[in-house]
Amino acid sequence: MAEAERIIGTPDTPEPAAAEPEQSGAERPRGKRRIAVLFGVAAFAYALDLVSKMIVVAKLEHHPPIEIIGDWLKFEAIRNAGAAFGFGEAFTVIFTVIAAAVIVVIARLARKLYSLPWAIALGLLLGGALGNLTDRIFRSPGVFEGAVVDFIAPKHFAVFNLADSAIVCGGILIVLLSFRGLDPDGTVHKD
């Protein structure tokens with residue numbers, strides 16, 4: 001009888017073990033999907049920035065500005081050795097290191113990412129940081145001292161590029177998500 005119970009009980013034994021992989025399997029695609037969104041958004045923002053800068057350098061640099069909306073918005077190619085709004089031109093290497101550090105932090109945070117809004121925000125930040133870092137590394141005057149190509153020139157405002165726009169939009173989204181209490185791992189907390 002004991003042997004019959006053991007044989008009959010054997011098929012029931014694997015069920016709890018089978019239930020665990022299903023549960024962890026449900027979590028894994030969710031996490032991978034968010035990581036894919038992060039890197040997809042980053043790749044899109046990076047590609048858009050890179051292509052726009054290539055066009056600006058080829059067609060607009062050393063030419064007069066192009067008026068888009070009268071004198072309210074122009075495309076005007078400039079090289080920015082400093083940070084946002086032209087500040088800190090003497091610290092180009094430091095900005096390069098900061099951008100590289102941001103990229104490393106985002107890549108490490110991606111492992112714990114289960115929130116779609118955070119994936120979008122971090123993807124924008126990553127794509128923008130990569131876009132400006134590419135300029136810092138590969139543009140003149142030299143490696144890690146390159147000037148960023150800026151070209152969007154609103155009236156009474158600093159000239160910027162699409163990477164800057166991605167960084168600002170990603171930063172604003174991160175602040176909003178933080179105020180709402182949504183963490184990158186998908187948990188919501190109320191303080």
Side-chain angles (χ1 to χ4, degrees), residues 34-111 113 117-176 184:
R34 302 312 186 241
I35 291 170
V37 169
L38 183 151
F39 289 115
V41 169
F44 180 74
Y46 178 69
L48 205 57
D49 178 66
L50 190 62
V51 168
S52 69
K53 288 175 180 174
M54 290 170 59
I55 293 169
V56 165
V57 169
K59 302 288 185 186
L60 191 57
E61 200 166 48
H62 309 299
H63 291 81
I66 299 172
E67 292 186 353
I68 304 300
I69 305 173
D71 64 345
W72 287 98
L73 179 64
K74 296 187 263 186
F75 286 163
E76 178 179 10
I78 67 161
R79 298 288 181 120
N80 179 3
F85 312 117
F87 294 116
E89 290 186 17
F91 303 106
T92 306
V93 174
I94 294 171
F95 298 135
T96 304
V97 171
I98 290 170
V102 166
I103 291 166
V104 169
V105 167
I106 292 171
R108 291 194 60 160
L109 186 58
R111 294 180 298 156
L113 188 62
W118 270 95
I120 293 167
L122 292 173
L124 289 169
L125 204 59
L126 179 60
L130 284 170
N132 284 340
L133 183 62
T134 300
D135 281 359
R136 300 262 184 228
I137 294 172
F138 296 110
R139 295 206 188 272
S140 62
V143 177
F144 299 114
E145 297 178 354
V148 174
V149 175
D150 288 334
F151 62 94
I152 303 169
K155 187 176 184 177
H156 306 300
F157 195 74
V159 182
F160 59 95
N161 58 43
L162 295 180
D164 297 334
S165 299
I167 291 168
V168 168
C169 290
I172 290 170
L173 186 52
I174 287 171
V175 168
L176 293 174

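In this text, all values refer to a predicted model and were calculated from it rather than measured experimentally. Scope of the values below: all heavy atoms of this structure, side chains included, with no hydrogens, waters or symmetry mates. The residues of the chain are indexed from 1 along the displayed sequence.
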Legend entry - Minimum-distance pair of heavy atoms, taken over all atoms of V159 and I78: CB-CD1, 3.7 Å

Inset, instruction - Could you grab the distance from atom CG of L113 to atom CZ of F39, nearest 0.5 Å is fine? - result: 9.0 Å

Inset, instruction - Please check if any side-chain donor atom of N80 sits under 3.5 Å from a side-chain acceptor atom of D135, or the reverse. - result: no

Legend entry - Validation row: I152, L73 side chains within 4.5 angstrom (heavy atoms): yes

Legend entry - Atom pair CD1/NZ of I69 and K74 - distance to nearest 0.5 Å: 13.0 Å

Inset, instruction - Nearest 0.5 Å please: distance from the CD1 atom of I120 over to the SG atom of C169. - result: 12.0 Å

Inset, instruction - Enumerate the residue pairs fulfilling salt bridge (Lys or Arg N to Asp or Glu O under 4.0 Å) with a member in residues 36-49, sequence neighbours excluded, ordered by first and then second residue. - result: D49-K53

Inset, instruction - Locate the shortest heavy-atom distance separating G123 from V41; write the atom from each residue and the value. - result: C-CG1, 3.7 Å

Legend entry - Student check: side-chain heavy atoms of L173 and W118 closer than 4.5 Å: no

Inset, instruction - Considering non-hydrogen atoms only, spot the tightest contact between L125 and G171 and give its length. - result: CD1-N, 4.4 Å

Inset, instruction - Check P141 against G146 and note the closest heavy-atom contact, atom names and distance. - result: CD-CA, 3.9 Å

Legend entry - From I98 atom CD1 to L133 atom CG, the distance as rounded to the nearest 0.5 Å: 11.5 Å

Inset, instruction - Verify side chain to side chain contact (heavy atoms under 4.5 Å, CB included) between V149 and N161, making sure each step is shown before the conclusion. - result: CA-CA 7 Å; V149 175; N161 58 43; 5.8 Å; no

In residues 54-62, what donor-acceptor pairs under 3.5 Å come from side-chain atoms, sequence neighbours left out?
residue	atom	partner	partner atom	Å
E61	OE1	R79	NH2	3.1
E61	OE2	R79	NE	2.7
E61	OE2	R79	NH2	3.1

Legend entry - Minimum heavy-atom distance G131-Y46, with the two atoms named: N-CD1, 3.5 Å

Legend entry - Heavy-atom closest pair, residues N132 and A163: OD1-CB, 3.5 Å

Legend entry - Rounded distance (nearest 0.5 Å) linking atom CG of L126 with atom CD1 of I106: 5.0 Å

